[in-house]
Amino acid sequence: MELDLAFIWAAIIAFAVLAYVILDGFDLGVGILFPFFPEKHEKDVMMNSVAPVWDGNETWLVLGGGGLLAVFPLAYATILPALYAPIIAMLLGLIFRGVAFEYRWRTKRAEPLWNWAFTGGSVVAAFAQGVALGALVQGIPVENRAYTGGWWDWLTPFSVTTGLAVLIGYALLGATWLIMKTSGELAERARRYAYVAGVATLVAMGIVSLWTPFLEPLYLQRWFSWPTAAFSLIVPALVAACFLVLAHGLRTHHDSRPFIASLGLFVLGYAGIGISFYPYIVPTSVTIWDAAAPDESLAFLLVGALVLVPLILAYTAYAYWVFRGKVNPEEGYH
């Protein structure tokens with residue numbers, strides 16, 4: 001049986017985007033929570049908790065974006081013009097945040113400025129990612145293989161709502177990461193914030209989930225027509241289960257369980273999006289097969305991916321293994 005190379009590549013890019021969201025999400029969440037921890041020592045420990053892994057997490061963003069250009073050039077050519085503004089905002093936020101990692105430790109007088117650069121970059125990047133997601137889900141107008149919308153089509157009530165939802169969800173990931181990686185008063189305060197962020201994330205997921213099916217007839221049919229209507233029961237049930245695990249872990253002062261449950265919420269939300277508009281890569285205009293490069297190119301690139309992706313997974317896993325456990329409050333970034 002002939003391999004469906006377009007489907008394989010869609011799965012690889014979907015995995016890369018999910019890996020980026022759940023890995024970079026928690027360190028963006030740490031930046032979002034930065035202002036809520038006023039003590040300098042607390043901020044130092046928070047930044048140290050993500051310093052060894054934050055740049056490696058963003059490898060998946062490069063893989064997802066570069067892979068989209070290489071293997072789905074039509075999707076790249078239609079999605080990017082529709083989302084230039086939020087994507088540029090996201091990149092600028094990530095740049096400010098990355099520079100803050102280095103400059104904050106090099107100055108005393110300007111340290112508050114770089115604290116705000118770290119926070120602002122994290123907030124802008126997270127919100128822009130959510131807005132871009134909402135703009136993609138609500139649909140991108142395409143005619144004759146080209147984007148036909150306007151400059152501000154990405155800015156709608158739905159995209160702003162998804163932006164806020166992602167911002168809140170990343171704050172939950174950041175709070176539960178701090179519970180797992182820190183101790184003492186910092187971890188206890190993060191636990192209190194995780195309660196609030198957990199409830200807010202569940203509410204935000206509910207609002208977006210109820211809104212999405214009414215954006216496009218395809219979504220409505222997918223979620224309320226048999227057999228895919230089964231997901232309308234399965235996914236919410238799994239979300240409720242993850243939330244119960246999160247709440248129980250917070251209540252019993254378990255270190256890692258809240259973080260794992262928070263990751264579960266994001267995976268389920270991501271799966272819900274995939275269920276909504278598969279097989280479209282540009283909903284609801286372009287399928288993954290319409291957007292794919294020639295099979296020869298897909299096969300050639302797949303050889304490289306079969307080498308590169310396991311290497312990225314290996315060094316990512318190794319980095320997390322080396323820096324496992326609680327952060328030593330006495331150690332610094334440099």
Side-chain angles (χ1 to χ4, degrees), residues 7 10-11 14-26 29 126 129-130 133-134 136-139 158-159 161-177 179-180 190-280 283-284:
F7 178 81
F15 173 77
V17 173
L18 176 61
Y20 170 75
V21 168
I22 63 177
L23 292 178
D24 207 36
F26 71 76
Q129 287 175 21
L133 171 65
L136 180 63
V137 170
Q138 71 190 11
F158 179 76
S159 68
T161 301
T162 55
L164 292 174
V166 169
L167 189 68
I168 295 167
Y170 281 178
L172 173 63
L173 285 178
T176 53
W177 171 262
I179 293 169
M180 186 171 65
R191 196 179 307 276
R192 294 193 292 271
Y193 291 143
Y195 272 112
V196 177
V199 173
T201 298
L202 189 65
V203 172
M205 289 182 70
I207 293 172
V208 173
S209 298
L210 291 173
W211 196 338
T212 299
F214 300 97
L215 294 173
E216 290 284 348
L218 171 68
Y219 303 158
L220 193 64
Q221 180 182 6
R222 187 67 53 84
W223 283 102
F224 296 106
S225 297
W226 188 259
T228 51
F231 292 116
S232 297
L233 299 175
I234 296 171
V235 174
L238 292 175
V239 168
C242 284
F243 182 77
L244 291 175
V245 172
L246 169 66
H248 183 265
L250 293 174
R251 187 172 61 252
T252 58
H253 287 70
H254 197 282
D255 283 344
S256 60
R257 192 173 297 157
F259 182 66
I260 295 171
S262 300
L263 293 181
L265 290 175
F266 267 81
V267 171
L268 289 169
Y270 191 77
I273 293 170
I275 292 168
S276 294
F277 60 70
Y278 176 82
Y280 291 95
T284 51

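All figures in this text were calculated on a predicted structure; none of them were measured in a lab.
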Inset, instruction - Using the six-membered ring wherever Trp is involved, compare the ring planes of W177 and F26 and label them parallel, tilted or perpendicular (cut-offs 30° and 60°). - result: parallel
Closest contact, heavy atoms only, [X] versus [Y]:
X	Y	result
A197	A171	CB-C, 4.4 Å
A194	T176	CB-CG2, 4.2 Å
Y219	P213	CB-CA, 3.7 Å
E216	G139	OE2-CA, 4.4 Å
C242	A261	O-CB, 3.4 Å
A200	I168	CB-CG2, 3.6 Å

Within-4.5 Å side-chain heavy-atom neighbours: [X] and [Y]:
X	Y	answer
L265	L172	yes
V137	S276	no
Y270	I22	no
L246	S262	yes
Q138	W211	no

Keeping [X] on the side-chain end and [Y] on the backbone end, is there a donor-acceptor pair under 3.5 Å?
X	Y	value
Y193	G174	no
T162	S159	yes
R222	I275	yes
S232	W223	yes

Inset, instruction - Give the C-alpha distance, both sets of side-chain angles, the deciding distance and a yes or no for side chain to side chain contact (heavy atoms under 4.5 Å, CB included) between I273 and T212. - result: CA-CA 9 Å; I273 293 170; T212 299; over 6 Å; no
What's the spacing between [X] [atom1] and [Y] [atom2] if we round to 0.5 Å?
X	Y	atom1	atom2	value
F231	L268	CZ	CG	12.0 Å
L263	L18	CG	CG	9.5 Å
H254	R191	NE2	CZ	10.5 Å
H248	R257	NE2	CZ	6.0 Å

Inset, instruction - Establish, from distance only, whether the side-chain atoms of Q129 and Y20 form a donor-acceptor pair under 3.5 Å. - result: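 The criterion, which ignores hydrogens and geometry beyond distance, is satisfied for Y20 and Q129.
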Inset, instruction - Could you tell me whether F266 and Y170 have their ring centroids closer than 6.0 angstrom? - result: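 Centroid separation for F266 and Y170: below 6.0 Å.
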Legend entry - Test log, rule side chain to side chain contact (heavy atoms under 4.5 Å, CB included), inputs Y278 and F7: CA-CA 11 Å; Y278 176 82; F7 178 81; 3.5 Å; yes
Inset, instruction - Give the intermediate values and the outcome of side chain to side chain contact (heavy atoms under 4.5 Å, CB included) for residues I179 and F259. - result: CA-CA 8 Å; I179 293 169; F259 182 66; over 6 Å; no
